[in-house]
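One-based numbering, in listed order, for ligands and for the atoms of each.
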Amino acid sequence: MLYLPGLLFVASFGFGHLAVASRGAGWKVLSRATDVQSTYDFVVIGGGTAGLTVADRLTEDGKTTVLVIEHGELLDSPLISTVQGGMQGFSSQLMYSINSVPQVNLRNHTIAVLAGKVVGGSSAVNAMMTVRGTAEDYDRWGSFFDNPSGWNWEGMLPYFKKALNFVPPNADVAEESDIRYNQSFWGNTSGVYTSWPSYQYPGTKAQIDAFKTMPGVDFVSDSGSGRPGVYWFPQFMDPKNVTRSYARTGHYDTIKRDNYQLVAGSKVLRIRLDGNVATGVEFLSARANSTESPVLVTARKEVILAAGAIHSPQVLQRSGVGPRKVLTAANITTVVDLAGVGQNFQDHPMVQMLVSFRNFTFTPSAQDLFTNASFRHWADQVWAANKTGPYSLATGNAAAWLPFPVISSRFAEIADKLAAQDPGTSLPPDTDKGVVAGYAAQLKSFAAAMRLNNTAFYNLGLTGGSSNGIIVDLHPLSRGSVNIDPEDPEGEPLVDYRALTNTVDIDVMTEIMRYTRQYYFNNTATAGWAPRELSPGPKIQSDGELAAYLADTLSPTEFHPAGTCAMMPKELGGVVDQELRVYGVSRLRVVDASIMPTLPGGNTCQTVYAIAEKVSVQQCYLCTSLGTRT
Ligand SMILES: Cc1cc2nc3c(=O)[nH]c(=O)nc-3n(C[C@H](O)[C@H](O)[C@H](O)COP(=O)(O)OP(=O)(O)OC[C@H]3O[C@@H](n4cnc5c(N)ncnc54)[C@H](O)[C@@H]3O)c2cc1C
Ligand SMILES: *[C@@H]1O[C@H](CO)[C@@H](O)[C@H](O)[C@H]1NC(C)=O
Ligand SMILES: *[C@@H]1O[C@H](CO)[C@@H](O)[C@H](O)[C@H]1NC(C)=O
Ligand SMILES: *[C@@H]1O[C@H](CO)[C@@H](O)[C@H](O)[C@H]1NC(C)=O
Ligand SMILES: *[C@@H]1O[C@H](CO)[C@@H](O)[C@H](O)[C@H]1NC(C)=O
Ligand SMILES: *[C@@H]1O[C@H](CO)[C@@H](O)[C@H](O)[C@H]1NC(C)=O
Ligand SMILES: *[C@@H]1O[C@H](CO)[C@@H](O)[C@H](O)[C@H]1NC(C)=O
Ligand SMILES: *[C@@H]1O[C@H](CO)[C@@H](O)[C@H](O)[C@H]1NC(C)=O
Ligand SMILES: *[C@@H]1O[C@H](CO)[C@@H](O)[C@H](O)[C@H]1NC(C)=O
Ligand SMILES: *[C@@H]1O[C@H](CO)[C@@H](O)[C@H](O)[C@H]1NC(C)=O
Ligand SMILES: *[C@@H]1O[C@H](CO)[C@@H](O)[C@H](O)[C@H]1NC(C)=O
Ligand SMILES: *[C@@H]1O[C@H](CO)[C@@H](O)[C@H](O)[C@H]1NC(C)=O
């Protein structure tokens with residue numbers, strides 16, 4: 001069990017025996033660190049979602065040599081491949097073991113920090129929901145620069161299309177559940193697939209339809225349209241064998257090129273800097289004995305850091321690139337004093353509002369797999385025969401993603417409160433001036449977005465069940481940090497969500513809970529379901545009571561860590577420029593969820609793939625003219 005305050009996730013420990021994959025001839029998985037060549041064109045740190053995507057694209061010419069160094073192993077396991085329920089990958093066998101520091105505003109709870117530690121990274125363990133943010137979320141990224149260069153919706157759309165291979169749903173299922181999609185927002189060339197289950201519970205359509213009576217709600221024609229609303233979205237699944245499609249299956253397994261090598265089970269300790277130039281990477285094989293020293297591998301062109309939002313700032317700080325104060329405390333010599341590294345940490349907070357229906361006539365639901373033997377028998381049979389039926393469903397394919405004015409009549413008052421805030425008061429008192437300035441720019445952008453109907457703040461998943469639960473704040477305003485542990489810089493970093501430190505988050509989440517109540521309890525379409533609120537329960541009504549419920553039960557994470565090596569101007573606390581090059585260091589880029597200056601209003605994996613595709617195109621252009629930034 002992984003414990004999150006208020007939310008229980010049953011992890012499938014012991015579900016299957018993990019087998020370390022072996023490969024035949026022609027594959028370049030290096031089982032021993034000593035098999036590694038001394039020099040490559042590019043060395044990629046982290047064989048996860050972004051790392052494998054970039055490595056695949058950079059080696060497409062058959063000549064450019066790339067080594068990917070991944071801490072986790074190359075594992076074949078049903079925990080990874082199984083689609084059913086979407087959460088088989090939530091296993092401690094596939095993840096880092098990290099707990100946050102105590103969360104002061106969450107009764108000092110510590111929170112499990114989930115991140116994939118396996119070839120494929122978090123794309124190997126995630127819940128498979130394929131979602132994009134709204135157009136405005138990506139326009140915001142460019143808005144922080146005086147001269148934005150393609151970081152907006154128009155600039156991202158080609159790479160969303162390149163990143164995934166969209167396979168439409170079965171026509172009968174689409175018809176029955178009224179699944180809408182529009183292929184003009186998708187591509188069909190990537191090795192990473194997104195597709196649809198061959199079955200939907202009838203209650204899902206009913207729960208979507210019940211939003212039709214709610215004022216101001218749009219029903220957009222495709223999840224990739226960049227607009228908020230209630231919509232269907234696909235899941236990261238290979239439709240041919242009905243298994244997870246992820247960075248490894250799409251960008252590694254089927255690629256046979258001698259110039260693409262991967263060493264698994266190897267932890268990068270630091271980036272080698274010669275002056276301000278990144279020249280290589282030091283790493284240690286998990287199979288190394290205690291007397292072996294780290295291996296140094298040289299990068300002729302660039303080092304690409306793709307260790308994810310939890311570990312990329314840690315690798316930078318260990319290498320001497322980061323806030324001087326943090327480095328000094330850990331007795332690390334500062335090479336580049338870069339205040340933003342590890343700051344601006346964000347994740348989607350979520351809270352549970354459990355509502356059961358005493359008269360939900362849309363059956364069966366997922367619950368019937370446990371309570372109805374004949375339904376279960378049918379599900380077993382169609383799966384065994386054809387890999388169809390309920391077991392082809394991951395976490396669910398429908399949700400509401402709604403703008404703030406649609407969910408809250410208090411939107412203007414709350415936006416005014418945010419606009420009037422002194423940003424510094426929500427950050428630790430010793431925060432760098434540039435980081436504060438960047439935060440101020442973000443808050444200004446969100447105060448504006450709160451008044452508009454083009455940005456989703458509210459998310460409720462619709463899974464067709466007789467009870468529902470998780471609601472998400474898509475644009476949290478609190479900012480945390482991920483810094484090396486001064487006592488143990490080589491160990492796991494100190495992760496501090498600093499949840500609810502910006503008090504406007506409490507206002508927003510309170511409104512989010514109240515709107516969910518409107519949907520269930522002030523709605524002619526749901527009244528006949530005879531809903532009953534189990535948690536927090538009808539007694540919890542006032543601002544203070546709802547705020548206390550948040551403090552008791554909020555999860556500060558939906559497992560979407562981002563922002564810790566932000567793409568922002570340096571004077572706004574940024575870590576990378578618009579080509580994702582680290583300020584003050586040449587031949588070093590960061591490519592992963594850490595570069596997002598602000599979270600998109602949606603699950604993050606699709607956006608990470610698109611970022612990696614976008615920068616790969618830029619990188620090839622730059623292969624001959626590598627820039628140095630100071
Ligand atoms: C449990 C869970 C559920 C999620 N559900 C969804 C979902 O349903 N839909 C969605 O869109 N998103 C989801 N996400 C988020 C999404 O998967 C991530 O945002 C995305 O995969 C992150 O990609 P990345 O490249 O930034 O990092 P990762 O894919 O995590 O890759 C980082 C890699 O670097 C490696 N690494 C780290 N440190 C080192 C080191 N020192 N040396 C060598 N290697 C190192 C790691 O082992 C890892 O393989 C979920 C995430 C999790 C954890
Ligand atoms: C949380 O921990 C802090 C620091 O240790 C302490 O000051 C505070 O009283 C604690 N709060 C609760 C609710 O336990
Ligand atoms: C699909 O979206 C495109 C815009 O990308 C639009 O021009 C087209 O009319 C849409 N098709 C349908 C069937 O709605
Ligand atoms: C892939 O997309 C292209 C362009 O949109 C289209 O012409 C082609 O028919 C598609 N192929 C498949 C197999 O869907
Ligand atoms: C946003 O939607 C709400 C609800 O439909 C509506 O009242 C409001 O006028 C809209 N605001 C804008 C700026 O369009
Ligand atoms: C499913 O098929 C893909 C190729 O389309 C392959 O990469 C993957 O390994 C297969 N999954 C399993 C579990 O066999
Ligand atoms: C550790 O590994 C090194 C290098 O492979 C080897 O020379 C040495 O004998 C090993 N030591 C032990 C104790 O196994
Ligand atoms: C700090 O590093 C120096 C040089 O590596 C070393 O001599 C010293 O013992 C270290 N101090 C601490 C407190 O670790
Ligand atoms: C159990 O499932 C079967 C097959 O789907 C269905 O016909 C039956 O009505 C269900 N029974 C109950 C009590 O829901
Ligand atoms: C499997 O699919 C085939 C072909 O569509 C169909 O004839 C058969 O009935 C299916 N098997 C089950 C158990 O549903
Ligand atoms: C119920 O909804 C209507 C219209 O959506 C609204 O005017 C009314 O204030 C709501 N009632 C309560 C008790 O919230
Ligand atoms: C239960 O649902 C049925 C079908 O929608 C409806 O006819 C009936 O009035 C509902 N019963 C209650 C108590 O709401």
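Close approach of ligand 6 to K240 (heavy-atom distance below 4.0 Å) involves ligand atoms 5 (O). Which parts of ligand 6 touch N241 is read off a 4.0 Å heavy-atom cut-off, strictly below it: atoms 1 (C), 2 (O), 3 (C), 8 (C), 10 (C), 11 (N), 12 (C), 14 (O). Residue-ligand proximity, T249 to ligand 6, at heavy-atom distances under 4.0 Å covers atoms 7 (O). When each atom of ligand 6 is checked for a heavy atom of S81 under 4.0 Å away, the hits are 13 (C).
At a 4.0 Å cut-off, at least one heavy atom of G528 sits close enough to ligand 12 to count as contact.
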task: With salt bridge (charged side-chain N to carboxylate O under 4.0 Å, His left out) as the test, would you mind laying out the steps for D505 and R498 before giving the verdict?
output: CA-CA 11 Å; D505 278 342; R498 299 187 72 257; over 6 Å; no
query: Yes or no on side chain to side chain donor-acceptor pair (under 3.5 Å) for T82 and Y391, after CA distance, side-chain angles and deciding distance?
result: CA-CA 9 Å; T82 306; Y391 299 160; over 6 Å; no
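In terms of protein heavy-atom proximity, atom 5 (O) of ligand 2 is nearest to N108 ND2, 4.7 Å. Looking only at heavy atoms of the protein, atom 4 (C) of ligand 12 is closest to T361 CG2, 4.0 Å. Counting only heavy atoms of the protein, atom 9 (O) of ligand 12 lies nearest to N359 ND2, 4.7 Å.
Aromatic rings of Y519 and F521 (six-membered ring for Trp) have centroids beyond the 6.0 Å cut-off, not under it.
Within 4.0 Å of atom 7 (O) of ligand 12, not a single protein heavy atom is present. Note that atom 2 (O) of ligand 2 has protein non-hydrogen atoms nearby, at separations under 4.0 angstrom. Of the protein's heavy atoms, at least one falls inside 4.0 Å of atom 11 (N) of ligand 2.
By the 6.0 Å contact criterion, CD on Q541 is enclosed, its count of non-hydrogen atoms from other residues, nucleotides or ligands being greater than 12.
A donor-acceptor contact shorter than 3.5 Å links the side chain of S478 to the backbone of T501.
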Between side-chain atoms of residues 115-124 and protein atoms elsewhere (two or more places apart, or another chain), which donor-acceptor pairs fall under 3.5 Å?
| from | atom 1 | to | atom 2 | distance (Å) |
| --- | --- | --- | --- | --- |
| S122 | OG | G116 | N | 3.2 |
| S123 | OG | G120 | O | 2.7 |
| S123 | OG | A247 | N | 3.1 |

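Side-chain contact check for S190 versus Y609: every heavy-atom pair is 4.5 Å or farther apart.
Considering OG of S77 and CG of L94, their distance stands at 6.0 Å, rounded to 0.5 Å.
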